[in-house]
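Quick one: the structure is below, questions incoming.
Per chain, numbering begins at 1; letters A, B, ... match sequence-line order.
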Amino acid sequence: MPLRFYNTLTQKTEEFSTRDNVVRMYTCGPTVYNYAHIGNFRSFIFPDILRRWLRARGFTLKHVMNITDIDDKIIRDSVKAGKSLDEFTSVYTEAFLADTASLRVERPEHIVSAVKHIPEMIEAVQQLTERGHTYVSEGSTYYRISTFPEYGKLSHNDFSGIRAGARVDNDEYDKDDARDFVLWKAAKEGEPSWDTPIGVGRPGWHIECSAMAMKYLGDQLDIHTGGVDLTFPHHENEIAQAEGITGKQFVRFWLHAEHLSVDSQKMSKSLGNVYTLRDLGERGFPPEALRYLLGSVPYRKKLNFTFDGLKAAVTSIERLRNFQLRLWNTKLTEGTNPAAEERARVADSAFDEAMDDDLNTAEALGAVFEYVRETNSALDSGDFRVGNGPSALAFLAKFDSIFDVLRPTVLSVSMAPTEIETLIAERASAKKVRNFARADEIRKELADHGVVLEDTKDGKTNWKPAQS
RNA sequence: GGCGCGGUAGCCAAGUGGUAAGGCAGAGGCCUGCAAAGCCUUUAUUCGUCGGUUCGAUUCCGACCCGCGCCUCCA
């Protein structure tokens, strides 16, 4: 079966390909008015896994993500903090980039700042005006959605019941129609603004994504990702803007990531269940645990975050790492077992098939763990030979090229390797004379330094860092 | 009210018109001086409820119940 994704636009799972094997992809990035929480990261780990899988399937990526560094909340909070826009947003932009880096989220080819693209947004608004899609009211420019009959096609909302031209009373805005949205906001006292041909003011939120996406990716994108909550109105408005200008289909595939809840409830400050990556770190969880947890549930399925789930992720990762260590450390007998090669082949194709099916990571992991169990069993029985090593390591490497969790972030070992080896040798001598008390004492000492020992059948002792 | 998603073992979760992947946790066992790691057995006669279609439905259809999201800013 070919690679396929569920497309919000058509509400169907569709085969994916591009003419030139280049994927033009846009991801709605963060609004940098605070530290990102773990729910936000689901929306960024998803496109990361998507990127990695597309590359594994031979595509070249041209991926753009925006940083929204001008909007109402930013203005509100920066004023409150007594900081300039740039002073205020740069803190959270840096934090976001650091967090996503520690979560091993690959950097898109372009990370673009909204405030650095004001001219592009002005031009987009002007083009919409030329095409009769806008009107000005009290200095602000609005998009008149009655000029875009297809409005609602992404969110599958029917807006035909809303009367075009019916004046809507609204405390804040003076719009002709309730669904019209602002493209350019007239300047207000004490707020940052730009003096431009379309007036003194600042951009509306929606226009930045359309303008920047088209600047870097052209008129038509292959994939656009974002959280489900952005489907309406943000992405609907992006379509109205871009297609209002070009008359061409803006995006072929709209992919939306479901939300994360915490203890079955929406994250909110009042419930005290908003967690950041730093919070998890303080509780002893490394970033890859969150990465695994968020990646293990298919992106279109709601995910309920619990600390038990996070612990399970840690244990699962450890199982995979142990397997990798075993492959590295075990002395294998000569030869190649065809059955083991077949297992690797079956697991590999099951993994591919699962990922091709709209990134079914849960099923892909099922293939991985089944393979690990069977191969551990073969290692126990000696049915796994030297010649089977490469296919096993290759499969594990493929898994890790997508999930990227095998490399430990924190090496909690607080002892030099030579010293560890010396103690292991001393323990071996103690064991030889059945001085188990001394042997256990040494093992305890090493454990206190974050070192876990494993005695193997052939009398060797391996060590590994303790899990946090 | 409109649009959309979901209800599968203690928890997370995959899946199919033909009789329930995988992970975590629990229990028992093998291995081990003891551990660690690993393996084996065990844990859903059953997939929200009630009807229907079918030789056969968890999987299709209908109704209902429950949870959630969006419809204003939101990943």
Checking A/R283 against A/F307: charged group under 6.0 Å from the ring centre and within 45 degrees of the axis?
yes
By the 4.0 Å heavy-atom rule, please label A/A257 as base, sugar-phosphate, or nothing.
nothing
OP1, OP2 of B/A14 versus side-chain N and O of A/K301: anything below 4.0 Å?
yes
Look through every strand shown and name the nucleotide pairing with B/U49 as Watson-Crick or G-U wobble, where both distances are under 3.5 Å.
B/A63
Does A/F253 have its ring centroid less than 6.0 Å away from the ring centroid of A/Y6?
no
For B/A14 versus B/U8, give the span between their P atoms, rounded off to a whole number of Å.
10 Å
Contact under 4.0 Å: A/N376 side-chain N or O vs B/C39 OP1/OP2
yes
Need one value for A/N462: base, sugar-phosphate or nothing, where a base atom within 4.0 Å counts as base even if backbone is also close, heavy atoms only.
nothing
In whole angstrom, give me the gap between the C1' atoms of B/A27 and B/A21.
22 Å
The side chain of A/E363 lies closest to which of these nucleotides: B/A35, B/A75, B/G15?
B/G15
What contact category does A/G309 fall into here, base, sugar-phosphate, or nothing, at under 4.0 angstrom with non-hydrogen atoms?
nothing
Can you see if the side chain of A/R319 gets near the phosphate of B/G23 - specifically, an N or O under 4.0 Å from OP1 or OP2?
yes
Using a 5.5 Å cut-off between ring centres and planes within 30 degrees, is A/H259 stacked on the base of B/A75?
yes
